[in-house]
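Take a look at the structure below.
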Amino acid sequence: MSTSYLTGLNNAQLKAVTAPEQNLLVIAGAGTGKTRVIVSRIAYILNEFQDPPRSILAVTFTNKAALELKERVQKACVGINDLNMLWAGTFHAICARFLRSYCFAANLPASFTIMDPSDVKRELKHIIEPLNLNLKGAELNKLLGSVSETIFALKEKGLRAQQLLSSTRDTQYEITRRFRSELTFDEFVQIYLKYEEFCETVGAVDFSELLLRTCELFNKHPEILSLQHRRFKHILVDEFQDTNHIQYKLVQLLCGENCTVMAVGDDDQSIYSWRGANYRNMPNFLRDFKDAKLIALEENYRSSQNVLDLANSLMSGCEDRLSQKVLQSQKGAGQVVEVVECPNNYQEAQWVASTMSLLHNAGVPYQEMAVLYRFNSQSNPLENAFSTLGIPYNIWGGLRFFDREEIQNSLAYLRLAVNENDNAALLRIINVPKRAIGPSKIELIENIATEHHCSHFKAIELLLETAKDPAFKKAYAAKAKSFKDFYDLVLKIKENLETQSLQEALHFIHEQTGLNDFYTKKDKDEGKNSLEGRVANLKELEENAARFEEECKVNPILDSDGNQIAIPLLFITNTSLVSGGEINSKGEKDSLQDAANLSTIHSAKGLEYQVVFVVGFEDSILPSAKGNTLDEFEEERRLAYVAITRAKEKLFLSYCNMRTNYQGTNYTGPSVFLTEILKDVNKTHQKEQLPYKERSVSYSRYD
DNA sequence: GGTATAACGATTTTT
DNA sequence: TCGTTATACC
C-alpha cells in the first residue's frame, strides 16, 4: 500500500489528514495547503479505513473546485476502484442530484427544470405588474432585484411564504426594509406566495429552492435520509466559512450516526456574508458536531514573509476571530512590499501599467501579474492604460459562458422541449429570433393559460385547435398562424430528443429556430469574426453536449428505481449550475495567453500570482463607503486580507489623493487599514533600527 | 412590430 | 462613464 499521499505534509496537516474518524474543523489560513489536506484526507480514508469511494461526499464552493478536487483525488489514488462513485460537487449540484433521484418524494415532476435568476425576475415581473405600483421602469427593475434577492435569502433561511404569515414584527420589518416604501409586507408575501405557486405548476425550481427542497425532502422522508446515512461515512466541506444557514442544516442532516464531517475553511477569508454566508458556522460547528476537534494550519507555502507580515498585522486588528492565526512563510523574507501614493486614479493606472511593463521586460510573465480592486468600475482607467502601453490583459468576473444570452436562449428551447410546462423558458424564446409574437399575442396566450389552468405551451395548442374550428377561423386565423411554426418547432425538437444525440438535437435547434442566422447577423453587426462571436459559442455548446453525453455513458446517473436519468435532463441541470468556460468581459471565448489579470478582490479568491497590485487602497474604497456597521467594516478588512495574501513574491499597494469617476471627483487618501499596518511595520523597523533599504516595506510617490 | 434616442442608476457574485 | 431599459416614432 502506498502512503505517498502523506509525504511532504507538515505536522498540522498530517494531524488533520491522519486523524481518527471524528468530526474535525480545520482552520486553513491563506496559502496553507488546504486542498492538499482534503485530497490527502480522502486518500487516507480510502487506504487506511478501507472505506469505498461511494462512502465519501466532498462539497466545494464552485464547480471548478469540484472538478479540480476530483482530478487530484484521481492522481493521488491510483489503483483504487470505483473512484467515480465518490461524490464531489457544490451544494447545489448535490441537491439537484438528490432531487432528480427522489423527485416523486420531493413532489417535483421528473422533468423539473432549473430557473436561473433572470428567469425568476421575468416571472416576478409578471406577478408584480398587475399590482400597478406606479413605478418607473428602472425603479420596477430595482424592485424586482430586491424581491428576488429577498426570496432567495428567505429560502436559504428555510422560510417559505406560508411561514412568513405568522412571522414576528421584527422579521416583517427586516423584510420590508429592503423595499423602502415600494412594497408592504403583505404585498411581498402575496408575491412570494404567487411565485411559489408559479414554480409549483410549472415544475421549475430556482437555485435556493434546490437547497430548501432537499432539506424538506429529508425532513419529510426519514427513510430516504437513512439511505444517505447508510451510504455516507465521510463528509468533507471546503470553504466552510462561506456556508449559509441551509447548507449548514444540510450537512447536519446528512451526517448520520456513523458519519463524521471534516469542515475546512478560514474565517479570516469570509467575504460573502452579504450573500448569506455565515462564518460563525465555524464556531457553531464546534458546538453542534459531537466531539469536534480543531486544527489550525499556519504554515504558508505561498507568500514571502514580508507579505505575510502585512497580512498578519492587518488581521491582528480584528476582534472576532476563531483563532489568532499568525501565518509563517516557508519561503523567507522575500522582496520589499511597495506602498505607492498617486495623485489620481489615472496616474495610478499609468503607474501600474508602466511598472508591469518593466517587470515583464525583467522576465516576469504577464499572466503571473494581477491587479486587484474593490469595484468593477475601477477597471476602466486600468484598461485604458494597458491598451496605451500595449499590455495584453484579461478581465475576470465578466459574463460567464452559460450566462450568455445566446446560450441561455438555446437552452431555453431545450428546456421547453424537455418540460413543456416551463413557461419561463417559453417566454424567453417565443419571439427569439423575431417571429412576430409581440406583447399582445403573449397576453392572449397568458389569458388562455389562466382560463384553462394550463401551461403556456398547452395554451398555444388550444389556440391552434380553436383556430381550426370554422366558427373561430376568422377571428383566430391571423394570430394562430404565427404560433403554428413555433409550436411545430418545439414538437420537432421533442421528437429529435427521442431519436437523436443531444449534440444533434442542439444543432437542429440552432439551425432550425433561426438562432444561428440571427446571431450570425448580430456578430457581423458587432464586427465579430467566426471565432469570437455568439455563433461560435453556440457551436461550443454543441461540443459541450457531445462531451457530456460521452461522460454520461461512462458514468450513468440513476434514479431511485435504478433507471438511468435522461441525458437532456441531466444536461440542463448541469448547465444551469455550472459556470462554463473562461470568458473575459469582451466576450472573447479564449482568454489571451500571456496576459495580465484584472479582477475584483472577490473573484480573485483562491487564486495566486507572483506579482500583485492592490489598487485603490483608500478610505471609501477599501473599506467601501457603503458599509456602516462594524460587521461590514470587518468584512472589508478580510477583503483587504484576501487581496494581500494573493501575492507570492511581490506586493504593491497603491492609493490616490484624488479620484474621478462617474460620481465626480473626490479627495481620498490612504485606507485606515494601510495606516494601521504601516504603523505596525514602522514600529518594527525602528526597533530593529533597519536602514531604509532593508526595510520590509518601502514607500514612494508617483507623479 | 421594429428601431433610434432619452433617462436612469451604479459594491462585492456563485449557484 | 457605461450599460440597460423605457419611450417615441416610423
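In the text below, chain A, chain B and the rest are named by the order of the sequence lines, each starting its count at 1.
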Nucleotide B:dT15, atom C1' - distance to CG of A:Leu250 in whole Å: 14 Å
Distance in angstrom units between A:Leu144 CG and B:dG9 C1', rounded: 15 Å
Aromatic stack A:Trp274/B:dT12: centroid gap under 5.5 Å, interplanar angle under 30°: yes
ring-ring contact (aromatic ring centres under 6.0 Å, His included) against A:Phe386, all qualifying residues, sequence neighbours excluded: A:Tyr393
Between P of B:dT15 and CG of A:Leu67, the distance in whole Å: 12 Å
Under 3.5 Å side-chain donor-acceptor pair for A:Glu156 and A:Ser208: yes
Check: A:Phe673 ring centre within less than 6.0 Å of A:Phe633 ring centre: yes
B:dT12 phosphate, OP1 or OP2, under 4.0 Å from A:Thr600 side-chain N/O: no
Short side-chain N/O contact from A:Asn63 to OP1 or OP2 of B:dT14, under 4.0 Å: no
Whole angstrom value for the distance that separates C1' of B:dT13 from CD1 of A:Ile395: 16 Å
A:Lys142 side-chain proximity, nearest of B:dA10, B:dT15, B:dT13: B:dA10
A:Phe61: partners by ring-ring contact (aromatic ring centres under 6.0 Å, His included), with sequence neighbours left out: A:Tyr272
Selected nucleotide, minimal atom distance to A:Thr62 side chain, candidates B:dA10, B:dT13, B:dT14: B:dT14
Nearest-Å distance once atom P is located in both B:dT13 and C:dT4: 16 Å
Modelled atom types, side-chain donor and acceptor of A:Tyr519 and A:Asn409, under 3.5 Å: yes
Pair A:Thr668, A:Asn666: side-chain N/O donor-acceptor within cut-off below 3.5 Å: no
Quick one: which protein N/O atoms are closer than 3.5 Å to N/O atoms of nucleotides 2-9 of chain C? Pair and distance per line, please.
none

Closest to the A:Tyr662 side chain, choosing from B:dA10, B:dT15, B:dT12: B:dA10
Among B:dG2, B:dT13, B:dT15, the nucleotide that comes nearest once only the side chain of A:Asn376 is considered: B:dT13
Per A:Lys441 side chain, nearest of listed nucleotides B:dG1, B:dT15, B:dT12: B:dG1
Protein-nucleotide distance (A:Phe152, atom CZ; B:dT13, atom C1'), rounded to Å: 13 Å
A:Ser624 side chain near B:dT12 phosphate (N/O to OP1/OP2, under 4.0 Å): no
N or O in side chain of A:Asn244 less than 4.0 angstrom from B:dT14 OP1/OP2: no
Sugar-phosphate only, base, or nothing, as touched by A:Tyr272 at under 4.0 Å among non-hydrogen atoms: sugar-phosphate
Spacing between A:Glu443 atom CD and B:dG1 atom C1', to the nearest angstrom: 16 Å
Gap in Å between the two C1' atoms, one belonging to C:dT5 and one to B:dT12, rounded: 24 Å
A:Gln241 and A:Glu239: side chain donor to acceptor below 3.5 Å: yes
Spacing between A:Asn384 atom CG and C:dT1 atom P, to the nearest angstrom: 11 Å
Side chain of A:Phe375 (C-beta onward), nearest among B:dG9, B:dT15, B:dT11: B:dT11
Parallel, tilted or perpendicular, as decided by the 30° and 60° cut-offs, for the rings of A:Trp87 and A:Phe98: tilted
Upstream residue (5' side of DNA chain B) when A:Arg374 and A:Phe207 are each assigned their closest nucleotide: A:Arg374
Value in whole Å for how far the P atom of B:dT11 lies from CD of A:Glu149: 13 Å
